[in-house]
Every structure is written in C-alpha cells, then in structure tokens.
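Data block below; observations after.
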Amino acid sequence: MSTATVEKPEAAADNGASHKITVTFRIRRFNPEVSAEASWQDFVIDIDPKERVLDALHQIKWEEDGTLTFRRSCAHGICGSDAMRINGRNRLACKTLIKDLNPAKPISIEAIKGLTVLKDLIVDMEPFFQAYRDVMPFLVTSGNEPTRERRQSAADRERFDDTTKCILCAACTSSCPVFWNDGQYFGPAAIVNAHRFIFDSRDEAGEQRLEILNDKDGVWRCRTTFNCTDACPRGIEVTKAIAEVKQALITRRF
Ligand code: SF4
Ligand code: F3S
Ligand code: FES
C-alpha cells in the first residue's frame, strides 16, 4: 500500500497568515486494526481558503494526526491517485480549492465508493485496474514492425482525442450507481480506455475489445446516469464515449 509521505517541505515565506480562516474537515476514518467500523472525525484547522483540500490533508497529517492515510503523488492533477469523495462528490483533492466548498460549514471527506476501503481514504484499486487490463489498453497491430512511425490523419486522431486524457483516477467508476450495486460492471473508466483504442485507426483489435464489452457485465449495463461525466476531473465526455462504444457494437462500424 502506498501512503502519503510525511516529509514536510521548507516553509514558505509567512506572508499569508492573515488570510487564514478556521475550517472543519470531517473525515471518515477507518483502521481495521483498531475497529471494524468506520467513524467520522473532525479536524479544525486554520488554513488559507485558497489552498487545496490536499494541502489541508497534509496539514492535518503533519500537524494533527500522522496516522491519517491517503494517496497522492503528483499533487497537480496528473497521476490520478487522490480521487476522494469531498462534500458528497468525487473530486481530486489536489484540484479542489477549499474556498469553492463553502468552508463556513464542515467539509466532509471520505473514500470513493464501490471499492473496498483498506484504511481511511485508501481503497483497494485492484478490481478497477483488472477491468482496465481486461479491455486490452494498448495498441494491437499485425505484420512486421514498421520502419517509420505509423501515420494517422488529424481527423482520425481527433476521433479518440477526448479519451486519451484519462488519468485512471477512478472518479467516474466509483460514482456510478451500477458499479456500486454489484461491482461486476466493467465501469466507465475501462470503457473510456477501450474507446481510446477501438477508435484508433492504427489499431486492429477493435472487434475483440467490442466483444469483451458485449459481456453481461459490459457496456449494456450503463444506464446513462451521467454521474461519470460529472465526476471526471479531466472533463472527458465519458457518457458520450460509452454511447459511441454501444453504437459501434450495433453497427460494427468504428
Ligand atoms: Fe478519472 Fe475521467 Fe479517467 Fe474516469 S475517465 S478514470 S474520471 S480521468
Ligand atoms: Fe454509470 Fe456513467 Fe453509465 S455513471 S450508468 S457509466 S453514464
Ligand atoms: Fe496526482 Fe492529485 S495527487 S492527481
């Protein structure tokens, strides 16, 4: 399990102290070594509301309770490791400003739903990544290795541009009520990553991926709820991509 590291960066010049306000962060804690039940814990800290939720989590971990456990890596919206449920909505902690969350009221933070919580804000991502692996998220070609790059027109590249932006944060899949209900559904993130290759003119395994998603736990389980699109921090039109995969399954044109 990777957890947030505890090294504290050098303190910045203290010129923002007067902008700090007192904010309550209500965090759902779970430690299976202490209790089988999760419980909420309030942390009241002084922080500049222009800071991000990730900064608040760091402050709490470094200054209040070193046992608080969460994932993060890049801290800049690239690695996808800090998706969590903030005020009831999936977001990246590193991309969410405290001032945008009505900090006059307690801000709730809990693990994303539909995946087993291992500790505090950390869930078991293995079922999520298994679904990703199942759709073969890599270019499949036949014949000899080309001696030059595989050419593609701008129009062909545009066809799957949106779904190349995925950072595998799981905000979409863990906001999907179908996934919550039985966890067997491939989930929107896997379909987005299948879309990225199905509609790539250089790829030769589109039919194979479509058949994988034609499964009882595949693309037809989607009920067009749009939670996934609302949750995606990369602004990917997830539900549209799923609809395009459904359409390709019907027409076999992609
Ligand atoms: Fe995250 Fe969006 Fe990719 Fe889903 S589609 S895993 S929400 S980046
Ligand atoms: Fe779920 Fe998104 Fe479909 S939330 S039901 S995968 S539109
Ligand atoms: Fe990498 Fe937030 S820490 S996306």
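For the numbers below, each heavy atom of this structure counts, side chains included, while hydrogens, waters and symmetry mates do not. We number each residue from 1, following the sequence as shown. For ligands, and for the atoms within them, numbers begin at 1 and follow the listed sequence. Predicted model only: the values in this text are computed from it and were never measured.
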| request: If a pair satisfies salt bridge (charged side-chain N to carboxylate O under 4.0 Å, His left out) and one of its residues is in residues 86-104, list it, with sequence neighbours excluded. | output: none
| message | Could you measure the distance from the CZ atom of R133 to the CZ atom of F128? Nearest 0.5 Å is fine. | response | 11.0 Å
| query | Does the distance from a Lys or Arg side-chain N to an Asp or Glu carboxylate O, for E149 and R202, drop under 4.0 Å? | reply | no
| message | Could you tell me, atom by atom, which parts of ligand 3 come under 4.0 Å of a heavy atom of I78? | response | 4 (S)
| query | Rounded to 10 degrees, what angle sits at atom 2 (Fe) of ligand 3 between D82 OD1 and C94 SG? | reply | 110°
| task | Give the intermediate values and the outcome of salt bridge (Lys or Arg N to Asp or Glu O under 4.0 Å) for residues K165 and E237. | result | CA-CA 10 Å; K165 298 175 193 156; E237 293 187 87; over 6 Å; no
| Nearest-0.5 Å distance that lies between atom CG in L168 and atom CG in N193 | 5.0 Å
| Donor + acceptor pair across side chains of S174, N90 (<3.5 Å) | yes
| remark: For P233, the atoms of ligand 1 under 4.0 Å from one of its heavy atoms are 7 (S)
| task | Could you tell me which residues satisfy side-chain contact (heavy atoms from CB on, under 4.5 Å) with P137, sequence neighbours excluded, listed by chain and number? | result | Y132, F197
| Is it the side chain, the backbone, both or neither of C79 that has a heavy atom closer than 4.0 Å to ligand 3? | both
| remark: In D65, T69, L121, the residue satisfying side-chain contact (heavy atoms from CB on, under 4.5 Å) with R29 is D65
| field | Partner of F254 by side-chain contact (heavy atoms from CB on, under 4.5 Å), out of E207, E244, R159, Q247 | value | E207
| query | Within 45 degrees of the axis of the six-membered ring of F199 and under 6.0 Å from its centre: does R196 put its NZ or CZ there? | reply | no
| message | Can you tell whether the side chains of R252 and E211 come within less than 4.0 Å, N to carboxylate O? | response | yes
| Proximal ligand 3 atoms for G80, defined as those under 4.0 Å from one of its heavy atoms | 1 (Fe), 4 (S)
| query | Hey, what do you get for NE2 (H58) to CD (E51), rounding to the nearest 0.5 Å? | reply | 11.5 Å
| field | Proximity of S73 to ligand 3 by residue part, where a heavy atom lies under 4.0 Å | value | backbone
| message | Closer than 4.0 angstrom, basic N to acidic O: yes or no for R209 and D203? | response | yes
| Got the residues with a heavy atom under 4.0 Å of ligand 2, by chain and number? | C176, V178, Y185, P188, C222, R223, T224, T225, F226, N227, C228, T239, I242
| Side chain, backbone, both or neither: which part of L54 has a heavy atom under 4.0 Å from ligand 3? | neither
| request: Considering only NZ, NE, NH1 and NH2 on the basic side and carboxylate oxygens on the acidic side, decide whether K20 and D48 come within less than 4.0 Å. | output: no
| field | Residue A75 vicinity, atoms of ligand 3 by number, heavy atom under 4.0 Å | value | 1 (Fe), 3 (S)
| query | Under 2.8 Å from atom 4 (Fe) of ligand 1, protein N/O/S atom count? | reply | 1
| note | A student checking ligand 3 against C74 at a 4.0 Å heavy-atom cut-off should list atoms 1 (Fe), 3 (S), 4 (S)
